[in-house]
Amino acid sequence: MSLLITGGTGYIGSHTVVELQALASKQGTEQDIVIVDDLSNSSTKVLDRIKQITHKTVTFIKADICDYDAMKAVFEQHDIEAVIHFAGHKAVGESNEKPLSYYYNNVSGTVILLRVMAEQNVKKLVFSSSATVYGDNVSPLNETMPTSATNPYGQTKLMVEHILFDLAKSDSDWSIACLRYFNPIGAHNSGLIGENPNGIPNNLLPYVAQVAVGRLAQLQVFGDDYDTVDGTGVRDYIHVVDLAQGHVKALQNLDKISGCKAINLGTGNGTSVLEIVNTFKEISGQDIPYKIVPRRAGDLATVYANADLANELLDWQATRNLHTMIEDTWRWQSENPQGF
Ligand code: NAD
Ligand code: UDP
């Protein structure tokens with residue numbers, strides 16, 4: 001039996017593939033993995049790096065999840081038992097400019113994948129949702145809070161969540177973990193895989209890392225007048241390997257989930273922008289010039305998780321601290337200054 005990982009050459013997908021293989025090695029078993037990715041935001045170079053880390057080969061199929069025939073062929077040619085679905089576009093700003101592209105890729109693409117899964121009787125799914133579905137609820141955020149979204153990207157995550165809840169309600173054979181990620185950062189400690197954004201990064205950590213390595217001149221800090229520890233925005237940063245291990249645990253515990261369950265994957269701790277900058281400076285030994293600029297539209301002051309449910313249901317909690325997250329980010333960035 002194989003696991004299908006859509007978006008498996010991307011940032012979180014590649015780390016999850018490594019953790020799935022690490023678990024199989026620990027258990028002395030083999031794990032067949034099929035990655036489907038259209039390479040719209042990743043490269044096949046990741047596959048060599050995964051092999052260097054795990055000494056295992058995965059099956060890679062270049063395909064678009066929106067392509068029904070191609071997805072059907074994947075299921076007909078491989079004995080898939082469960083799917084971890086990472087494939088999707090993820091840039092909030094771009095989603096405002098190209099809403100149709102986001103709704104088509106993230107929502108229609110997921111519906112096509114689900115249709116094929118239903119037809120092939122594969123009804124175990126782990127889905128990449130996001131803390132963005134909490135809208136402007138006050139942190140700590142827990143899974144019972146009402147959801148909302150403020151941009152097309154967030155809407156796509158929320159729409160897919162609604163689709164998954166309706167699907168599970170309609171057919172009790174489905175087991176679905178809807179994992180709501182907080183802010184993934186860091187990289188595998190080998191320095192071989194990490195986040196490799198296209199163009200100028202939107203997210204804080206890749207931006208800071210590229211300033212530290214000299215690719216970008218200066219960080220813009222979006223606002224220092226929030227009601228937080230130092231006036232800058234606070235987020236719940238989580239090591240990508242902890243996040244990846246959360247997927248492994250979700251898969252192992254899918255049988256315990258009847259229907260569709262939303263589960264936070266965060267640390268429960270908040271860190272400000274300036275705390276990130278100062279820790280990065282200390283660990284990298286590099287200067288990180290920054291300038292305070294006005295707040296970014298749509299940003300909240302403070303966002304962090306209540307991560308109790310993941311602990312209860314999945315026996316999972318994040319174990320890597322901010323120092324490790326930044327040390328691993330810096331190793332990846334300094335050893336691969338231009339990415340893959
Ligand atoms: P990523 O861009 O690195 O990985 C996504 C992968 O999906 C890429 O390799 C891309 O080529 C592929 N892809 C996109 N559309 C596809 C399609 N139609 N068919 C096949 N492949 C396709 O992003 P990531 O950071 O690894 O994020 C993975 C998932 O987690 C995404 O769904 C994202 O929305 C979600 N998420 C990410 C974050 C974050 O901060 N990174 C936070 C919350 C949720
Ligand atoms: N941020 C910043 N400068 C940047 C990018 C982000 O000051 O170039 C701040 C942003 O305002 C927020 C935090 O860093 O307070 C995390 O932003 P990111 O975009 O990484 O995540 P999100 O806001 O989506 O949680």
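Every number for a ligand or one of its atoms is a count from 1 in the order of the listing.
The 4.0 Å heavy-atom shell around ligand 2 contains residues Asn183, Asn202, Asn203, Leu204, Leu219, Gln220, Val221, Phe222, Gly233, Arg235, Tyr237, Val273, Arg296, Asp299, ordered by chain and number. Listed by chain and residue number, the protein contacts of ligand 1 are Gly7, Thr9, Gly10, Tyr11, Ile12, Asp37, Asp38, Leu39, Ser40, Asn41, Ser42, Ala63, Asp64, Ile65, Phe86, Ala87, Gly88, Lys90, Asn105, Ser128, Ser129, Ser130, Tyr153, Lys157, Tyr181, Pro184 (heavy atom within 4.0 angstrom).
Annotation: side-chain contact (heavy atoms from CB on, under 4.5 Å) contacts of Gln27 (sequence neighbours excluded): Leu23, Thr29, Gln252.
Classification of Asp328 and Arg331 as a salt-bridged pair holds, one side-chain N sitting under 4.0 Å from a carboxylate O. A salt bridge between Lys261 and Glu143 is absent, with no side-chain N of the basic residue lying under 4.0 Å from a carboxylate O of the acidic one.
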**Item:** Derivation and outcome, side chain to side chain contact (heavy atoms under 4.5 Å, CB included), residues Tyr103 and Gln155
**Value:** CA-CA 8 Å; Tyr103 286 114; Gln155 292 289 1; 3.3 Å; yes

**Request:** Starting from the C-alpha separation in whole Å, work towards a yes-or-no answer on ring pair (Phe, Tyr, Trp, His ring centres under 6.0 Å) for Trp174 and Phe165.
**Result:** CA-CA 10 Å; Trp174 283 89; Phe165 282 112; over 10 Å; no

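Note that OH of Tyr102 and OG1 of Thr156 are 8.5 Å apart. Values are rounded to the nearest 0.5 Å.
Using the six-membered ring where Trp is involved, His188 and His15 have ring planes that are tilted, between 30° and 60° apart.
Among residue pairs with one or both ends in residues 218-251, those qualifying as ring-ring contact (aromatic ring centres under 6.0 Å, His included) are Phe86-His247, Tyr181-His247; sequence neighbours excluded.
Residue Asp236 is tested with Thr267, Asn183, Asn264 for a side-chain hydrogen bond (donor to acceptor under 3.5 Å, both in side chains); the sole match is Thr267.
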